[in-house]
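One structure below.
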Amino acid sequence: MNAKESAPSVLLLNADSPFARSIAKSLERAGYSPRRPGEAEAGQPSLAVLFPWSAPDAALQDVDIDVFVGGLESMLVDAGVKLRESGLRSGAASLSRLVVLSGWEAHGSMGRSARSAVAGAMLGLARSWALEFAPLGLTVNAVIPGPDFMAERDDASLWPQASIDGLAYAIQFFLDPRAQSISGQVIAVCGGRTPATIPV
Amino acid sequence: MTTSLQTVLVTGVAQGIGRTICERLLEDGYRVLGMDISAQPPDGLSAFEQVDLTDARATRLALGRLTGRYDITRLVNNVGSSYREFVRDGTGQAEHTLVRLNLACAIACAQAVLPAMRQAGEGRIVNLISRAVYGRDTRSVYAATKSALLAMTRSWALELAADGISVNAVGPGMINTELFRRNNPPDAPDVSRLRDAIPMKRIGEPSEVAHAVAFLLHPRSTYITGQSLFVCGGLSVAKTG
C-alpha cells in the first residue's frame with residue numbers, strides 16, 4: 001500500500017493510552033490509516049480495533065470498587081455504543097473486521113485484580129461478539145499482548161519497537177480481508193510464554 | 001480434617017444453585033452465612049443479610065455486620081445475573097447491573113473476608129463463573145463479566161497463595177434451576193436442541209454444581225488453586241451434531 005489515499009482506514013476505539021498510540025503508529029507505518037471516532041471521513045471504516053481500559057493496578061484488598069465499577073462499566077457501554085454506531089442497530093454493519101485487545105493479565109497476575117478483570121472481559125466480549133456478529137459478516141478476534149507490555153506500561157519508550165510491530169502485525173492478520181473465516185480466536189504475542197499454562 | 005468449625009459465606013442463597021450450595025454445605029457441617037436481595041433464605045443458616053448486592057455501600061455494611069460476628073474462612077461468590085439482549089438493542093442497563101452484581105460484589109466479599117483468612121493462615125474462595133466465558137451470543141455483557149471473574153480468580157490465586165488461601169472457579173453448564181425452567185419450558189424446541197448439544201444428553205442438577213463447590217472448599221483440597229472446573233455434562237469440550 002503506497003498511495004495514502006488507498007490506505008485502509010482503521011477505527012481505533014478507546015485508544016487514548018500510550019500503548020494504543022504506539023500501536024496506531026505501527027499500523028500507520030504498515031500502510032493503514034488509523035482514525036478516531038468522529039474524525040472526518042467519507043463513509044464508515046470497515047476495520048476497527050478496540051483497546052481495553054487501563055485500570056489502576058492494585059492488590060485485591062486495595063481495589064477501589066467505585067473506580068473499578070465506573071471504569072469497566074464505561075468501557076463496556078462505550079464499546080456497545082460504538083458498535084451500534086457502525087450500523088449494527090439497523091442490522092447492517094459497515095464493519096467487517098474487529099480486533100479486540102486484551103491483556104496478559106487475563107492469565108492471572110499478582111496485584112492486578114482490576115486489570116485482569118478488564119483483560120478477561122475483553123476476551124468474553126470478543127468470543128460472544130464473534131458468535132453474534134458472524135451472520136453479519138463481521139469477524140471478531142482477540143490479541144493478547146505478552147508480559148513485555150505490562151512492565152512500566154505507561155512508558156512507551158521502554159517497549160521494543162520489534163515487540164510493538166509484532167503485536168501490530170497480529171492485529172493486521174485479523175484485519176486482513178483474507179481472514180474472513182477466522183472469528184472468535186485469540187492470539188497471544190508473547191514470545192512463547194503460554195505453553196505449560198492454562199489456556200485463557 | 002473436619003468442616004464443622006469452618007464458617008462459609010455464600011452470596012445469592014435464596015434460590016437456584018446458591019440455595020442448593022447452602023444446603024450441601026450445611027449437610028457437610030459448615031456454619032453457613034448467606035446474603036441475598038430476597039428475604040427467603042434456606043433453613044439452617046447461622047446468619048442472613050437481606051441486601052441488594054448491586055449496592056456497593058449496602059453490601060459493605062452487611063459484610064461488616066457478618067465479619068464482626070464471624071471469622072469467615074470460606075467464601076462462595078455465587079450471586080450473578082444475566083441479560084439476554086443483542087448488542088444492537090443494548091441500553092446500558094446490562095452493563096450497569098452486571099458489573100456491580102457479578103464482579104463488584106465478589107470483590108467486596110473477598111476484601112471483607114481476607115483479614116480472617118489471613119489470620120487463620122488458610123482460606124478458600126470459590127467464584128461461580130459460566131460456560132459463557134467461551135462466548136455466548138446475545139449475552140456478551142454477561143460473558144464479559146464472567147470472563148473477568150475467571151481472570152480475577154487466577155490473579156487472586158497467585159496473590160493469595162502464599163497466605164494459604166486458594167481461589168478457584170466453578171462454571172455451571174445448563175442447570176435445572178427454577179430460572180432455567182421458567183425461561184425454557186420442557187416442551188419448547190429450544191430445550192430439546194440444548195439438551196441434544198450436551199454430550200451427556202441431559203440438563204445438570206444444582207446438586208452437581210454444589211458438589212464441585214464443596215470439593216474445592218474441603219480442607220483436603222489444599223493444593224488446588226487458580227483452577228476452573230466446569231460442571232456441564234461435557235458441553236465445554238465440544239458441541240456434538
Side-chain angles (χ1 to χ4, degrees), chain A residues 59-66 68-81 83-84 87-91 93 102-103 105-136 140 183-184 197-198 200, chain B residues 54 56-57 59-60 85-100 103-108 110-112 114-115 118 129-130 132-162 167 226-228:
Chain A
L60 169 57
Q61 71 268 19
D62 298 323
V63 173
D64 184 319
I65 292 178
D66 294 332
F68 172 80
V69 167
L72 185 56
E73 182 183 354
S74 294
M75 183 191 81
L76 294 172
V77 169
D78 192 52
V81 167
L83 285 175
R84 286 189 284 279
L88 286 175
R89 180 82 77 184
S90 61
S102 177
E105 298 88 344
H107 294 278
S109 180
M110 290 179 70
R112 293 192 170 100
S113 284
R115 286 197 186 222
S116 62
V118 172
M122 301 303 275
L123 296 180
L125 284 182
R127 287 166 166 155
S128 299
W129 287 345
L131 291 168
E132 188 165 329
F133 300 148
L136 302 178
V140 188
S183 196
T197 62
I198 305 172
V200 294
Chain B
T54 65
R57 183 174 175 277
T59 300
R60 277 194 287 261
E85 67 179 12
F86 289 99
V87 173
R88 66 170 185 256
D89 299 326
T91 63
Q93 186 59 45
E95 290 87 342
H96 178 88
T97 301
L98 300 187
V99 168
R100 285 164 177 77
L103 290 173
C105 176
I107 297 172
Q111 288 177 335
L114 269 185
R118 285 186 162 134
I129 57 168
S130 164
V133 300
Y134 295 122
R136 185 80 189 271
D137 55 335
T138 73
R139 286 186 171 85
S140 56
V141 179
Y142 174 69
T145 58
K146 289 298 185 181
S147 294
L149 188 57
L150 172 58
M152 282 202 298
T153 298
R154 291 167 164 162
S155 290
W156 296 355
L158 294 172
E159 194 169 316
L160 305 177
V167 189
Q227 306 303 302
S228 40

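Chain A is the first sequence line, chain B the second, and so forth, proteins listed ahead of strands; every chain is numbered from 1.
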**Prompt:** In terms of heavy-atom pairs under 4.5 Å with chain A, which of B/R100, B/H96, B/R136, B/E159 leads?
**Reply:** B/E159

**Asked** Using a cut-off of under 4.5 Å for heavy-atom pairs, which of B/A112, B/P115, B/A104, B/A144 has the most such pairs with chain A?
**Response** B/A144

**Prompt:** Heavy-atom distance under 4.5 Å to chain B: side chain of A/V81, backbone, both or neither?
**Reply:** neither

**Prompt:** Which one, A/L123, A/D62, A/V63, leads in non-hydrogen pairs under 4.5 Å with chain B?
**Reply:** A/V63

**Prompt:** Checking heavy atoms, do the side chain of A/A119, its backbone, both or neither come under 4.5 Å from chain B?
**Reply:** neither

**Asked** Checking B/Y142 against chain A: side chain, backbone, both or neither under 4.5 Å from a heavy atom?
**Response** neither

**Item:** Contact origin within B/L160 toward chain A - heavy atom pairs under 4.5 Å
**Value:** side chain

**Request:** Heavy atoms only: give me the nearest B/E85-A/E132 pair and the separation to one decimal.
**Result:** O-OE1, 4.3 Å

**Prompt:** Between A/A117 and B/A148, what is the shortest heavy-atom contact and its length?
**Reply:** O-CB, 3.1 Å

**Complete:** B/A110 and A/L60 have their tightest heavy-atom pair at CB-CD2, 3.9 Å

**Fill in**
One option among A/A106, A/A121, A/A130 has the most heavy-atom pairs under 4.5 Å with chain B, and it is A/A121

**Request:** Keeping the roles fixed (side chain from A/R84, backbone from B/D89), state whether a donor-acceptor pair exists under 3.5 Å.
**Result:** no

**Asked** Once you round to the nearest 0.5 Å, how far does OG of A/S128 lie from NZ of B/K146?
**Response** 13.0 Å

**Item:** Atom pair CD (A/E73) and OG1 (B/T145), whose distance is rounded to the nearest 0.5 Å
**Value:** 12.0 Å

**Minimal non-hydrogen separation, A/R112 against B/S155, with atom names** = O-OG, 4.1 Å

**Asked** Just how far is it from atom OG of A/S109 to atom CZ of B/R154, taken to the nearest 0.5 Å?
**Response** 12.5 Å

**Asked** Measuring from B/E95:CD to A/L72:CG, what's the distance to the nearest 0.5 Å?
**Response** 9.5 Å

**Asked** What distance do B/Q111 atom CD and A/I65 atom CD1 have between them, rounded to the nearest 0.5 Å?
**Response** 4.5 Å

**Selection from B/I107, B/L149, B/V141 maximising heavy-atom pairs under 4.5 Å formed with chain A** = B/I107

**Request:** Please report the C-alpha distance between A/R127 and B/S147 in whole Å, then the side-chain angles of each, then the deciding distance to 0.1 Å, and finally whether the side-chain contact (heavy atoms from CB on, under 4.5 Å) criterion is met.
**Result:** CA-CA 10 Å; A/R127 287 166 166 155; B/S147 294; 5.7 Å; no

**Request:** State which residues pass salt bridge (Lys or Arg N to Asp or Glu O under 4.0 Å) with B/R57; sequence neighbours excluded, sorted by chain then number.
**Result:** none

